[in-house]
Colleague: 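Here you go, one structure.
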Amino acid sequence: MTAHKAAPTLLRIAVAQLNPTVGDIAGNLAKAREARADAARQGADLLLLTELFISGYPPEDLVLKPAFLKACLQAVEKLAAETADGGPGVVIGFPRQAKTGRHNAVAVLDGGKVIAVRDKVDLPNYGEFDEKRVFDQGEMPGPVNFRGIRIGIPICEDIWGDLGVCETLAESGAEILLSPNGSPYYRGKVDVRHQVVLKQVIETGLPMIYANQLGGQDELVFDGASFAFNTDKSLAFQMSQFEEALSIVEWKKGDNGWHCAGGLQSRLPEREEADYRACMLGFRDYVNKNGFKNVVLGLSGGIDSAICAALAVDALGEERVRTIMLPYRYTSKDSLKDAKDCAEALGCRYDIVPIEEPVQGFLGALADMFEGTETGITEENLQSRTRGTILMAVSNKFGSMVVTTGNKSEMSVGYATLYGDMNGGFNPIKDLYKMEVYGISRWRNSTVPPGALGPSGVVIPQNIIDKAPSAELRPHQTDQDSLPPYPVLDDVLECLVEKEMSTEEIVARGHDEATVHRIEHLLYIAEYKRRQSAPGVKITKKNFGRDRRYPITNRFRDRG
């Protein structure tokens with residue numbers, strides 16, 4: 001009589017929050033191999049990678065190309081063959097073509113082969129997600145038998161939605177849930193994830209590991225911060241945020257099922273630090289993954305360009321950042337000094353290119369056509385567009401990406417010049433309101449974030465923080481000449497953009513009715529500008545771009 005092999009009571013899982021690149025199948029496979037080797041050295045039984053790891057996430061319309069899907073499958077099969085060495089098994093996400101359509105899938109690899117494939121059931125179709133456009137819904141999954149342990153693998157939205165994926169897995173015998181995710185950052189997102197997972201743990205009676213991708217992909221930043229909850233609702237482990245990491249967590253099976261005795265408990269950053277590090281990571285990956293060797297930006301002596309310069313130096317290092325002051329007759333001595341002081345504090349290159357001569361050249365060329373008209377916004381915008389032309393010329397000559405420096409307050413109401421200060425390839429503060437820019441600037445002056453390449457100490461001169469903001473396009477100009485005070489503007493905009501509140505509700509908060517109506521009008525008519533703006537890091541729940549898709553042609557105004 002053959003004795004039955006006892007079911008395992010110990011499972012060592014390597015949770016990997018890594019930084020894949022969309023479309024870099026060979027590079028992502030190499031990362032998976034490296035992680036598996038690391039997991040093997042640490043005695044892991046299973047390596048858990050994140051959603052669509054082999055393709056990078058989100059691959060968007062790349063998955064419509066049969067050649068891309070074929071290459072992803074071949075990479076998964078190569079990795080599967082390597083598991084014949086007796087080392088850790090692997091859970092890895094990939095896009096797959098099946099008879100039932102295209103699927104957002106995971107493969108479980110062990111013993112030299114693909115032992116199971118599971119498809120995502122709940123396809124998100126809101127905010128930054130439009131997976132229903134490119135993927136087909138998977139069938140309700142059952143657990144996977146991995147070395148005698150029944151593992152449920154709900155993929156990302158499968159734990160967020162209400163289709164009952166986790167409940168089905170529990171009812172069909174799963175002992176532990178491993179959830180690979182591609183969950184982008186927005187402010188406060190970690191707490192939201194904790195609540196989502198805790199709800200599933202309570203409802204299923206099963207522990208869950210939540211593994212999340214890391215890194216920047218266009219506007220999105222994936223912040224890692226992987227974690228797990230035990231069935232007693234205790235936080236089993238918490239990995240770091242904004243940092244690549246692989247952590248081994250040991251699970252033991254007792255009378256009440258699987259339990260993690262205790263793993264890494266990383267400190268998670270507070271609001272300003274989290275926002276700053278998200279901007280830094282998103283900016284770094286955009287520049288590096290797109291092959292730019294260095295960047296250039298106009299340093300005006302104002303707060304926005306100063307924080308962008310600090311982010312650039314922290315992300316890339318001082319040797320890869322070039323700043324240029326582009327003064328005109330209205331540029332103040334304070335601005336000249338503040339820009340120079342900021343560049344010196346950061347240690348980056350600083351050049352001065354006066355724009356008086358080219359601006360006068362444009363005005364001279366247009367003199368006959370403009371004769372008899374009043375001087376005004378057109379002439380002011382010529383200054384901005386001259387600066388934009390010079391920065392783009394430097395970009396062309398030296399291969400540097402131009403950094404755009406407009407904040408969300410300005411982008412909301414159109415306080416920016418097309419083909420001028422809006423020129424550039426990427427904007428690290430695009431989703432930060434003006435008062436939030438001040439907040440992270442003060443924070444950066446007191447703290448150097450982990451992974452930053454910039455110096456410690458005050459990197460944004462105090463005078464930049466203290467003085468009234470101004471575009472300096474005419475004598476004695478300040479932003480508040482044409483805009484409400486920024487605390488007022490930011491609150492109204494947040495109500496309109498993030499919260500979709502009615503103007504009546506906003507007025508009830510204590511705001512002036514005429515001001516609210518004017519800000520709403522400016523928000524709508526600036527849509528055409530935003531459509532032509534550079535991408536930038538998503539920080540809020542509703543950024544301009546993927547999250548908020550308003551029509552350019554739009555006559556609606558909320559008047560109750």
Side-chain angles (χ1 to χ4, degrees), residues 185-188 221 223 241-242 267-284 297-316 318 321 323 332 334-335 337-348 403-412 415 427-471 478-480 483-491 493-494 498 536-540:
Y185 173 83
Y186 61 70
R187 195 177 292 134
V221 171
D223 54 314
Q241 200 173 13
F242 307 112
R267 179 191 72 86
L268 295 178
E270 298 294 331
R271 174 171 167 150
E272 279 84 7
E273 179 183 351
D275 287 354
Y276 191 93
R277 292 176 69 183
C279 291
M280 187 173 77
L281 175 59
F283 181 74
R284 174 184 288 156
L297 70 151
L299 196 60
S300 67
I303 190 74
D304 296 327
S305 63
I307 194 64
C308 286
L311 280 162
V313 170
D314 282 343
L316 307 174
E318 62 186 47
V321 179
T323 62
S332 67
D334 272 356
S335 292
K337 181 180 186 303
D338 291 341
K340 184 172 184 288
D341 289 348
C342 182
E344 288 180 350
L346 290 166
C348 56
V403 180
T404 318
T405 62
N407 61 69
K408 191 171 187 176
S409 305
E410 295 171 353
M411 294 306 301
S412 296
Y415 202 76
N427 182 350
I429 63 168
K430 184 179 181 180
D431 203 27
L432 289 173
Y433 290 110
K434 187 76 168 189
M435 297 310 296
E436 293 168 346
V437 169
Y438 281 110
I440 65 166
S441 297
R442 294 186 186 97
W443 176 85
R444 179 57 183 89
N445 273 350
S446 64
T447 315
V448 181
L453 302 176
S456 60
V458 174
V459 294
I460 299 173
Q462 190 62 40
N463 194 51
I464 290 179
I465 295 173
D466 291 341
K467 69 184 179 184
S470 170
T478 68
D479 291 1
Q480 254 64 88
L483 293 175
Y486 277 114
V488 172
L489 178 63
D490 289 357
D491 187 65
L493 287 171
E494 187 174 356
E498 273 81 46
V537 177
K538 171 182 164 66
I539 295 295
T540 67

Colleague: At their closest point, which heavy atom of V221 faces which heavy atom of A278, and how far apart are they?
Modeller: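 Distance-wise, the nearest heavy atoms are CG2-O, 3.5 Å.
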
Colleague: Which heavy atom of R284 sits nearest a heavy atom of G451, and at what distance?
Modeller: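 The answer is NH2-O, 2.9 Å.
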
Colleague: Determine whether a donor-acceptor pair (N or O, by modelled atom type, separation under 3.5 Å) exists between the side chain of N427 and the backbone of G406.
Modeller: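 Yes; at least one donor-acceptor contact below 3.5 Å.
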
Colleague: Does a side chain donor of either E498 or Y433 reach within less than 3.5 Å of an acceptor in the other side chain?
Modeller: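 Yes, a side-chain donor-acceptor pair sits under 3.5 Å.
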
Colleague: Would Y185 and L281 count as a side-chain contact (heavy atoms from CB on, under 4.5 Å) if you check the C-alpha gap in whole Å, the side-chain angles of each, and the deciding distance to 0.1 Å?
Modeller: CA-CA 11 Å; Y185 173 83; L281 175 59; over 6 Å; no

Colleague: Within the 4.5 Å heavy-atom criterion, are M435 and S409 side-chain neighbours or not?
Modeller: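 Result no, sub-4.5 Å side-chain heavy-atom pair not found.
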
Colleague: Do the side-chain N and O atoms of T405 and D304 include a donor-acceptor pair separated by under 3.5 angstrom?
Modeller: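 There is no such pair (donor and acceptor under 3.5 Å, judged by atom type) between the side chains of T405 and D304.
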
Colleague: Is there a donor-acceptor pair under 3.5 Å between the side chain of T447 and the backbone N or O of R444?
Modeller: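 Side chain of T447 to backbone of R444: no pair is present.
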
Colleague: Could you report the tightest heavy-atom contact between Y438 and I464, atom names first, then the distance?
Modeller: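 Scanning both residues completely, I find the closest heavy atoms to be CE2-O, 4.4 Å.
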
Colleague: Strictly below 4.0 Å, N to O, side chains only: are K434 and D490 in salt-bridge contact?
Modeller: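 The answer is no: the pair does not qualify as a salt bridge.
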
Colleague: Starting at OG1 of T323, measure out to CD of E344 and round the result to the nearest 0.5 Å.
Modeller: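 Reported to 0.5 Å precision, the distance equals 10.0 Å.
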
Colleague: Where do A339 and L299 come nearest, in terms of heavy atoms and distance?
Modeller: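 It is O-CD2, 3.2 Å.
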
Colleague: So, for S335 and K467, which heavy atoms are closest and what is the spacing to 0.1 Å?
Modeller: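 Smallest interatomic distance, heavy atoms only, reads OG-NZ, 3.6 Å.
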
Colleague: Is any side-chain heavy atom of L297 closer than 4.5 Å to one of V321?
Modeller: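 V321 vs L297: side chains touch.
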
Colleague: Please name the pair of heavy atoms, one in P269 and one in R277, separated by the smallest distance, quoted to 0.1 Å.
Modeller: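 For P269 and R277, the tightest heavy-atom pair comes out as CG-NH1, 4.1 Å.
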
Colleague: Consider side-chain contact (heavy atoms from CB on, under 4.5 Å). Of L432, T540, I429, which one does K408 pass it with?
Modeller: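 Option passing the side-chain contact (heavy atoms from CB on, under 4.5 Å) with K408: T540.
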
Colleague: Hey, could you give me the NZ/SG distance between K430 and C308, rounded to the nearest 0.5 Å?
Modeller: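 Nearest 0.5 Å value for the NZ-SG distance: 12.5 Å.
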
Colleague: Can you tell me if S305 uses its side chain to pair, donor with acceptor, with the backbone of S300 under 3.5 Å?
Modeller: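 The answer is yes, because a donor-acceptor pair under 3.5 Å joins these two groups.
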
Colleague: Test salt bridge (charged side-chain N to carboxylate O under 4.0 Å, His left out) on R187 and E436 and set out the steps.
Modeller: CA-CA 12 Å; R187 195 177 292 134; E436 293 168 346; 3.2 Å; yes

Colleague: For residues Y415 and N407, is any side-chain donor paired with an opposing acceptor at under 3.5 Å?
Modeller: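 The answer is no; no qualifying pair exists.
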
Colleague: Kindly compute the distance separating SG (C279) from CG (L311), expressed to the nearest 0.5 Å.
Modeller: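 These two atoms lie 6.0 Å from each other.
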
Colleague: Begin with the C-alpha distance, continue with both residues' side-chain angles, and end with the deciding distance and a verdict on side-chain contact (heavy atoms from CB on, under 4.5 Å) for D431 and V537.
Modeller: CA-CA 6 Å; D431 203 27; V537 177; over 6 Å; no

Colleague: When you compare the side chain of D275 with that of W443, does any pair of heavy atoms fall below 4.5 Å?
Modeller: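 They are not in side-chain contact.
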
Colleague: Report yes if the side chains of Y276 and I307 come closer than 4.5 Å at any heavy-atom pair, otherwise no.
Modeller: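 Touching, per the 4.5 Å side-chain cut-off.
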
Colleague: Take I465 and N445, measure what side-chain contact (heavy atoms from CB on, under 4.5 Å) needs, and give me the verdict at the end.
Modeller: CA-CA 11 Å; I465 295 173; N445 273 350; 3.6 Å; yes

Colleague: Which distance, rounded to the nearest 0.5 Å, do you find between the CG of L346 and the CG of L453?
Modeller: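 If we round to the nearest 0.5 Å, L346:CG and L453:CG are 12.0 Å apart.
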
Colleague: Given side chains that start at C-beta, do those of E273 and P450 come closer than 4.5 Å, heavy atoms only?
Modeller: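 When only atoms from C-beta onward are counted, P450 and E273 do touch, with a gap below 4.5 Å.
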
